[in-house]
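So that the names make sense, note that chain A is the first sequence line, chain B the second, and so on, each numbered from 1.
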Number of protein chains: 2
Amino acid sequence: MTSSRPFKHAVDLLTQSGLRPTRQRVGLARLLFEAGDRHVTAEQLHAEAMADNLKVSLATIYNTLHQLTAAGLLREVVVDPSRSYFDTNNTLHHHFFHEGLGWLVDVPGSKVVVEALLQPPPGTRVTRVDVIIRLADAPEGEPEVGAGGNRRLE
Amino acid sequence: MTSSRPFKHAVDLLTQSGLRPTRQRVGLARLLFEAGDRHVTAEQLHAEAMADNLKVSLATIYNTLHQLTAAGLLREVVVDPSRSYFDTNNTLHHHFFHEGLGWLVDVPGSKVVVEALLQPPPGTRVTRVDVIIRLADAPEGEPEVGAGGNRRLE
DNA sequence: GTGATTGCAAATCTTTTGCACTAAA
DNA sequence: TTTAGTGCAAAAGATTTGCAATCAC
């Protein structure tokens, strides 16, 4: 798994972002950044913290997720209208999203080429381009295409 | 505003989708489909209906938006974690989304080429590819690029 | 200490639901 | 009639907020 960031002690990550390394934040930073690239919802992270014996309130989970996002350590991924996902991969990339199962998988930026044949509206600038490849389960005998083949999508 | 053709059109749209053309649904269909391509939130449509003297409850707005979406007449656009937008354009296209102002603008499918150099995960199939070009206000003296120029985005 | 951080509970906001009432066919 | 559709108010989730208690420095 390609870590998006050279490993750093959780305390350093926080300190360098101007966040006081409290017990809660250090614990959450560990859960988030020590296991490679991940995508979590606030609820999921909370459950994980509990399971890890880290006592944190949901309010603090939200606070911390937003602070880490503001610090550039996390990125919010908008794919589901009912909840927010936070992504620990802060390199240029896109996503596969399985609507039924609710899971996200990174797609390296190098694997997707987006060519836009137009300019952004006057007075605006592009801040980011998100490509979301929505998935569903394939039918029974799914026709398998040659692995690694390119795929033109529109 | 009292043209009978659009009225008939809305009724037909509903009927052909297996939806009983009730006063509320017809009124909403007219608001949605008589003005070209639009993007509305439930709250916006509700306000519009009120302003148009169409008495509809918010619950019915939600019901109708979802029914029209299920019927393929609307498409839900997920760009903002706090609310859903419904798009009356059901052709292949993508979006510009201004984060600060909350507006959406269609980008014709023909203006965006997405090339994915990988296959979807085993057992899945691609249902849709969404490209969201996120915008912010351009800085004061924005450097204007030649109009119509292509733009490689990643 | 003192200022930042946390937890809790209440508050918000969007969206959904239960159910009696109303209207289309 | 018969059955779908509607409105209301309550419920459900996700997220935020106010504020006193607590912790880091």
Under a 4.0 Å threshold between the charged nitrogen and the carboxylate oxygen, would A:Arg38 count as salt-bridged to A:Glu48?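 Salt bridge present between A:Glu48 and A:Arg38.
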D:dT15 phosphate, OP1 or OP2: any side-chain N/O from A:His66 under 4.0 angstrom?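 It does not, given that no N or O in the side chain of A:His66 lies less than 4.0 Å from OP1 or OP2 of D:dT15.
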Listed by chain and number, what are the salt bridge (charged side-chain N to carboxylate O under 4.0 Å, His left out) partners of A:Arg75, not counting sequence neighbours?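 Applying salt bridge (charged side-chain N to carboxylate O under 4.0 Å, His left out) to A:Arg75 gives A:Asp130.
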Rounding to an integer number of Å, can you tell me how far A:Leu45 CG sits from D:dT15 P?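 Rounding to the nearest Å, CG of A:Leu45 and P of D:dT15 are 12 Å apart.
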Exercise: do B:Asp106 and B:His39 side chains pair donor with acceptor under 3.5 Å: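 Judged by distance alone, the side chains do pair up.
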Rounding to a whole Å, what distance do you find between A:Arg83:CZ and D:dA12:P?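 Spelled out: CZ on A:Arg83 to P on D:dA12 is 17 Å.
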Mind listing the closest non-hydrogen atom pair of B:Leu32 and B:Thr88 along with its distance?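 Answer, listing the atom of B:Leu32 first, then B:Thr88: O-CG2, 3.4 Å.
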Whole angstrom value for the distance that separates P of D:dG13 from NE2 of A:His46: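 Distance check: A:His46 NE2 to D:dG13 P gives 17 Å.
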Quick one: A:Glu43 CD to D:dT15 P, roughly how many Å, whole number?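 Computing the A:Glu43:CD to D:dT15:P distance gives 8 Å.
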For B:His98 and B:Ala136, which heavy atoms make the closest approach, and how far apart are they?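 What the structure gives for the nearest pair is CE1-C, 3.8 Å.
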Can a salt bridge be assigned to the pair A:Glu99 and B:Arg128 using a cut-off of 4.0 Å between side-chain N and carboxylate O?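 Salt bridge flag = no for B:Arg128 with A:Glu99.
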Range on DNA chain C touched by chain B - first to last nucleotide, heavy-atom distance under 4.0 Å: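 Contact boundaries, 5' end first: C:dT14 to C:dA25.
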Check nucleotides 2-6 of chain D for protein N or O atoms closer than 3.5 Å to its own N or O atoms and list the pairs.
residue	atom	partner	partner atom	Å
D:dA4	O4'	B:Arg20	NH2	3.1
D:dG5	OP1	B:Arg20	N	3.4
D:dG5	OP1	B:Arg25	NH2	2.2
D:dG5	O5'	B:Arg25	NH2	3.1
D:dT6	OP1	B:Thr22	OG1	2.5
D:dT6	O3'	B:Gln24	NE2	2.7

So A:Thr41, base contact, sugar-phosphate only, or nothing? Heavy-atom distance under 4.0 Å.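 Nothing, no heavy atom under 4.0 Å.
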N/O (side chain, B:Ser82) to phosphate O (OP1/OP2, D:dA14) under 4.0 Å: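 False: B:Ser82 side-chain N/O out of range (4.0 Å or more) of D:dA14 OP1/OP2.
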Would you classify A:Pro81 as touching base, sugar-phosphate or nothing, given that sugar-phosphate means primed atoms plus P, OP1 and OP2, and contacts are heavy atoms under 4.0 Å?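 No contact at all - A:Pro81 keeps every heavy atom at 4.0 Å or more from the nucleic acid.
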Minimum heavy-atom separation for B:Asn89 to B:Asp87, with atom names?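 Heavy atoms of B:Asn89 and B:Asp87 come nearest at N-OD1, 2.8 Å.
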Assign each of A:Pro21 and A:Ala42 to its nearest nucleotide of DNA chain D by heavy atoms, then name whichever residue's nucleotide is nearer the 5' end.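 Its nucleotide being nearer the 5' end, the pick is A:Ala42.
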Residues B:Phe97, B:Trp103; criterion side chain to side chain contact (heavy atoms under 4.5 Å, CB included); working and verdict: CA-CA 6 Å; B:Phe97 179 60; B:Trp103 52 249; over 6 Å; no
Expressed as a whole number of angstroms, how long is the span from A:Gln44:CD to D:dT15:C1'?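 Answer to the nearest Å: 16 Å.
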Contact summary for B:His94 and B:Val129, nearest pair of heavy atoms: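 B:His94 and B:Val129 have their closest heavy atoms at CE1-O, 3.2 Å.
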